[in-house]
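To start, the structure under review is shown below, and the notes come after it.
First the proteins, then the strands, lettered A, B, ... as listed; each starts at 1. Atoms considered below: every heavy atom in the structure, side chains included; atoms not considered: hydrogens, waters and symmetry mates.
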Amino acid sequence: MAPLTTAPRGTKDILPAEISRWQYLERTLLTTAELFGFKEIRLPTFEHTELFCRSVGETTDVVGKEMYTFTDKGNRSITLRPEVTAGAARAAIEHGLLGDALPVKLSYAMSCFRYEKPQSGRFREFNQFGVELYGATSPAADAEIIALAQEAYNTLGVRDIIVELNSIGCPACRETYHKALREYFESRKEQLCDTCLDRLVKNPLRILDCKNPDCGKIAETAPKMLEYLCGDCTDHFTQVKALLSQSGIAYMVNPTIVRGLDYYTRTVFEFVYTDKDGNRSVCGGGGRYGGLLKALGGQDYEGIGFAMGLERLLKVMTEQGCDFPPENTCDVYLVSMGAAAELKAFQLANVLRSDGFFAQSDLMGRSLKAQMKYANKIGAKYTIVLGDNELAENKATLKSMNSGTTSSIPLDDKFSDAIYEEIMKTAYADLAEVAEKL
RNA sequence: GUGGGUAUAGCGUAGGUGGUUAACGCGUCAGUUUGUGGCACUGAAGACCGUGGGUUCGAGUCCCACUAUCCACCCCA
């Protein structure tokens, strides 16, 4: 297909047929966050490149090779956000949000951009829902973020998803751990894959995450971060786990979780979905970031956050057959015959709309039968046929497309009220009918 | 960045060993005698068979390249 009729690689259109699902997801997630006190924030799509280099980290894949970076006409280096945490932190600092009552709680639903090779559940522009919390060092903050994410999954009816937890310590204890890790892998260098040899120099933590079976085997017996945590970090981790247990939130400690972004300290976690064939996929993740705000020039407050990929969430929900709210369809379709009736239908449709109904009338000049067909096709709940007879008698027949029952409606200023009344009546009747069948 | 699959109407597909107007289902539109939808039936519109080369008298069908797309690895959401 010609470039003009093809969306760029890795992007996709969200079509009218699927929009109600997306609106439902975003609405539900943001509302859940609100229950925990998180307020939505909306951020620019692009930021100064430097922001991501400084926060996410130069050595990460995200910054190293996946950013959409360009120079604008003012000769600034600009990057489409590959994630939201950095931009949110920047905005919080810039607008003095951290001067407000602590903790500061932010939520968002926005798209992010990464130059990756697209595949199942992975796009170059993808949508994330997430939350950020600033100013709290307490383990309860970590637990609350995890509880929020779990609550979101529960509310949406997602099953077979569990949070896997780890602590990667503070900079102090991580240094001793890095040393121990390097020593361990150094002595087994010959068995590591090429990328891991590279990781050994740059960030030995990532070797633990390697999918190569040989590396995985070596990693199994490698020193565990959890054994190298300092006293404070150990306490913190213990309390996070205790809080989760007390709240009945199931979790698993997974010492191999290291996360791909450099700003994390202490608690890191991933929400892992296991499908019926046993395939695991990460549906969301997050963690605490101790030094990020300060590194960006803000107060020395800690932050903690979580993000989930909406495309992946939607995929999981579809696989699991989760319920979505029914689509909003036309309440009343006004069928007209003849020029005078067409005029009247147009006018009455407007009356209905200003009274809050979802109403439509014919725009195609179709025959009565064709209009009825159309009304049926778009899922109209009721139809009203207008012709010369109705105009003469100043009343028309309201028909329930569900049950076929009809009733008379005056074409005067009681129009909307009469329709409302009838709809309530027949809706109850329809419900009763359904209930009886059950 | 590495490896594999696929590209035929809006969607889903058929088109053995190359041969005149590319087929079917769904969808769309119009009808089935004039004022009532869902079913059924009739008809219509809609594809230069991803793009560009090549082989051949002749290619949707064979070969090459490119592009797009899907899947896996890497990494991540």
Sugar-phosphate, base or nothing in reach of [X], heavy atoms under 4.0 Å:
{"X": "A:E125", "answer": "nothing"}
{"X": "A:C112", "answer": "nothing"}
{"X": "A:Q371", "answer": "nothing"}
{"X": "A:K369", "answer": "sugar-phosphate"}
{"X": "A:F123", "answer": "base"}
{"X": "A:G404", "answer": "base"}
{"X": "A:K399", "answer": "base"}
{"X": "A:N127", "answer": "nothing"}

ask   = In terms of the angle between their ring planes, are A:F269 and A:F306 parallel, tilted or perpendicular, with boundaries placed at 30° and 60°?
value =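 It falls in the parallel class, under 30°.
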
Kindly list each side-chain donor-acceptor pair under 3.5 angstrom involving residues 118-126 of chain A, sequence neighbours excluded, with atom names and distances?
unit_1 : atom_1 : unit_2 : atom_2 : d
A:S120 : OG     : A:K315 : NZ     : 2.5
A:R122 : NE     : A:K117 : O      : 3.2
A:R122 : NH2    : A:K117 : O      : 2.7
A:R124 : NE     : A:E116 : O      : 2.6
A:R124 : NH2    : A:E116 : O      : 3.2
A:E125 : OE2    : A:S111 : OG     : 2.8

Distance test, side-chain N/O of A:T383 to OP1/OP2 of B:U36, below 4.0 Å = no

task = Determine: side-chain N/O of A:R9 to OP1/OP2 of B:A68, distance under 4.0 Å, yes or no.
result =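 For B:A68, neither OP1 nor OP2 has a side-chain N or O of A:R9 closer than 4.0 Å.
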
So if I take every side-chain heavy atom of [X] and compare against [options], which nucleotide ends up nearest?
{"X": "A:R312", "options": "B:G31, B:U28, B:C76", "answer": "B:C76"}
{"X": "A:K377", "options": "B:C29, B:G38, B:A77", "answer": "B:C29"}
{"X": "A:S367", "options": "B:G35, B:G31, B:C29", "answer": "B:G31"}
{"X": "A:K117", "options": "B:U69, B:G35, B:A72", "answer": "B:A72"}
{"X": "A:R366", "options": "B:G31, B:A30, B:G37", "answer": "B:A30"}
{"X": "A:K373", "options": "B:U36, B:A77, B:U32", "answer": "B:U32"}

ask   = Between A:K381 and A:T329, is there a donor-acceptor pair closer than 3.5 Å when you use the side chain of the first and the backbone of the second?
value =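 Judged by distance alone, yes, a pair lies under 3.5 Å.
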
Taking atom [atom1] in both [N] and [M], what distance in whole Å separates the two?
{"N": "B:G58", "M": "B:A22", "atom1": "C1'", "value": "16 Å"}
{"N": "B:C57", "M": "B:C26", "atom1": "C1'", "value": "40 Å"}
{"N": "B:A30", "M": "B:G38", "atom1": "P", "value": "14 Å"}
{"N": "B:G16", "M": "B:G50", "atom1": "P", "value": "15 Å"}
{"N": "B:C76", "M": "B:G4", "atom1": "P", "value": "25 Å"}
{"N": "B:C29", "M": "B:C39", "atom1": "P", "value": "14 Å"}
{"N": "B:G12", "M": "B:A7", "atom1": "C1'", "value": "14 Å"}
{"N": "B:A9", "M": "B:G60", "atom1": "P", "value": "14 Å"}

[X]: what forms a ring pair (Phe, Tyr, Trp, His ring centres under 6.0 Å) with it, not counting sequence neighbours?
{"X": "A:Y273", "answer": "none"}
{"X": "A:F324", "answer": "A:Y24"}
{"X": "A:Y251", "answer": "none"}

Which whole-number value in Å describes the distance from [X] [atom1] to [N] [atom2]?
{"X": "A:M401", "N": "B:G38", "atom1": "CE", "atom2": "P", "result": "9 Å"}
{"X": "A:L80", "N": "B:A77", "atom1": "CG", "atom2": "P", "result": "18 Å"}
{"X": "A:Y264", "N": "B:C76", "atom1": "OH", "atom2": "P", "result": "10 Å"}
{"X": "A:E311", "N": "B:C70", "atom1": "CD", "atom2": "C1'", "result": "17 Å"}
{"X": "A:Q119", "N": "B:U2", "atom1": "CD", "atom2": "C1'", "result": "12 Å"}
{"X": "A:R280", "N": "B:A77", "atom1": "CZ", "atom2": "P", "result": "15 Å"}
{"X": "A:M364", "N": "B:C29", "atom1": "CE", "atom2": "C1'", "result": "8 Å"}
{"X": "A:R122", "N": "B:A77", "atom1": "CZ", "atom2": "C1'", "result": "10 Å"}

remark   = Between A:V282 and A:K315, the residue closer to the 5' end of RNA chain B by nearest nucleotide is A:K315

query = More 5' along RNA chain B: A:G10 or A:M308, using each one's nearest nucleotide?
reply =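 Nearest nucleotide further toward 5': that of A:G10.
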
ask   = Using Watson-Crick and G-U wobble pairs with both distances under 3.5 Å, what is the 5'-to-3' dot-bracket string of RNA chain B, with [ ] for crossing pairs and | for pairs outside the strand?
value = (((((((..((((.....[...)))).(((((.......))))).....(((((..]....))))))))))))....

task = Assess whether one donor atom and one acceptor atom, taken from the side chain of A:E116 and the base of B:G1, lie less than 3.5 Å apart.
result =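 No pair found.
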
inquiry  = Quiz question: by atom type and distance under 3.5 Å, do the side chains of A:T221 and A:Y184 form a donor-acceptor pair?
reply    =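 Yes, side-chain donor-acceptor contact under 3.5 Å.
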
key: Residues which pass side chain to side chain contact (heavy atoms under 4.5 Å, CB included) with A:E327, listed by chain and number, not counting sequence neighbours   = A:S20

Whether A:F126 stacks on the six-membered ring of B:A77 base, 5.5 Å and 30° limits =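 A:F126 vs B:A77: stacking yes.
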
query = Taking atom CZ of A:F415 and atom CG of A:N394, what is their separation to the nearest 0.5 Å?
reply = 10.5 Å

message = Between A:E270 and A:R280, does any NZ, NE, NH1 or NH2 come within less than 4.0 Å of an OD or OE carboxylate oxygen?
response =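 Result for this pair is no, no salt bridge flagged.
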
